[in-house]
Amino acid sequence: MSRIDPSATIHPSSVVEDGAVIGAGVEIGPFCHIGPDVVLLDRVRVKSHAVVTGMTEVGADTVIFQFASIGEVPQDLKFKGEKSRLIIGERNRIREYVTMNTGTEGGGGVTRVGDDGLFMASCHVAHDAQIGDRVILVNSVAIAGHCVLEDDVIVGGLSGIHQWVRIGKGAIIGALSMVTADVLPHALVQGPRAELDGLNLVGLKRKGVDRDDINQLRGAFQMLKQGDGSFRDRAERLTDDFDSAYVRAMVAFVMGDSDRGFLTPK
């Protein structure tokens, strides 16, 4: 039997399968389908004609708009029907025709979306992706399998992120970009075959980052562009020349595991 809180409202044309858990204040509009392993936490709203299926948990106050498909199996030929999950955080806005898939055994088994995200119409979040808090995906963005998007990332419309790519905290990707390598925290990336084109200075200022931290980030970015040794060698030396938590976070990102290499300053 489904566990449906008595304060939830479900349109009579919708199907809620046995086993689903529906929290307090949930609203399910007409012609929706909620699968047997779905958990909708308090005050989730699912608008008309949306499908939420698979082993999917949707956090409180999230809104799923019309015709979204949430929790379907991965678009991965290696997927053999194994149990995997999709976990969505709180207060997300998941717009029309968005698709989010569950994970795969080979990728850890969980696709995860943080809190307070905005996923505009027709975006795709593939299997095993790890999406941070306050992420914005503009219309028709495609996030491939195993990608990591840290907090406060913005991806411009019609852009694609290659599988296994990591995008660091606060980075911004311009529209119509194809990103095939890791992106530094707070970086600005744009172009049909995306290139690292500086820092996301507008985003840093909007978030109230101290001017000294911004200046140190700019200096660190310039040092990454030139000097002896490999890109990682230059990044490692930054800790000797700068005293900023933002620079240290950038160095930690570069020194972390990377399956795709990095977009480097030109």
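Given the structure is predicted, the values throughout are model-derived calculations rather than measurements.
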Residue pairs, two or more places apart or on separate chains, that pass ring pair (Phe, Tyr, Trp, His ring centres under 6.0 Å) and touch residues 201-245:
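Sorted result for residues 201-245: F231-F262.
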side-chain contact (heavy atoms from CB on, under 4.5 Å) between I28 and L40, worked out:
CA-CA 10 Å; I28 300 175; L40 303 181; 4.1 Å; yes
Without swapping roles, check the side chain of [X] against the backbone of [Y] for a donor-acceptor pair under 3.5 Å.
| X | Y | answer |
| --- | --- | --- |
| E150 | K169 | yes |
| S122 | V98 | no |
| D128 | T111 | no |

Is L263 reachable from F253 through a run of I, L, V, M, F, W or Y residues, each pair having side-chain heavy atoms under 4.5 Å apart?
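F253 clusters together with L263.
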According to side chain to side chain donor-acceptor pair (under 3.5 Å), who are the partners of [X], at least two apart in sequence or on a separate chain?
| X | answer |
| --- | --- |
| D37 | none |
| D212 | Q216 |
| R95 | none |
| Q190 | D197 |

Heavy atoms from other residues, nucleotides or ligands near CZ of R45 exceed 12 (cutoff 6.0 Å):
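Result for CZ/R45: open.
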Does K207, at its NZ atom, have more than 12 non-hydrogen atoms belonging to other residues, nucleotides or ligands within less than 6.0 Å?
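Counting other residues, nucleotides and ligands, NZ of K207 exceeds 12 neighbours.
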Determine the minimum heavy-atom distance between S244 and D213, stating which atoms define it.
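Reported closest heavy-atom pair: OG-OD1, 2.7 Å.
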Quick one: closest heavy-atom pair of R93 and D61, and the distance?
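R93 and D61 have their closest heavy atoms at NH1-O, 3.0 Å.
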Side-chain donor-acceptor pair under 3.5 Å between S258 and D182, yes or no?
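S258 vs D182: donor-acceptor pair found between side chains.
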Nonpolar side-chain network containing [X], other nodes, edges under 4.5 Å:
| X | answer |
| --- | --- |
| V15 | none |
| L41 | V21, V39 |
| F65 | V63 |
| W164 | none |

Name all pairs fulfilling the side chain to side chain donor-acceptor pair (under 3.5 Å) condition that reach into residues 19-30, sequence neighbours left out, sorted by first residue then second.
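Listed by first then second residue: nothing to list.
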Let me confirm one number: the CD1-NE2 distance from I70 to H33, rounded to the nearest 0.5 Å.
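Here the interatomic distance stands at 14.0 Å.
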Near-ring test H127/F79, centroid separation under 6.0 angstrom
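Centroid separation for F79 and H127: 6.0 Å or greater.
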Mind listing the side-chain donor-acceptor pairs of residues 49-57 below 3.5 Å, one per line with the distance, residues two or more places apart or on another chain?
residue : atom : partner : partner atom : Å
T56     : OG1  : T53     : O            : 2.6

Does the distance from a Lys or Arg side-chain N to an Asp or Glu carboxylate O, for R134 and D152, drop under 4.0 Å?
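Between D152 and R134 there is a salt bridge, with a charged N closer than 4.0 Å to a carboxylate O.
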Using a strict 4.0 Å threshold on nitrogen-to-oxygen distance, state whether R91 and D116 make a salt bridge.
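Judged by the 4.0 Å cut-off on N to carboxylate O distance, R91 and D116 do form a salt bridge.
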N/O donor to acceptor pairs below 3.5 angstrom from side-chain atoms of residues 138-148, sequence neighbours left out:
none

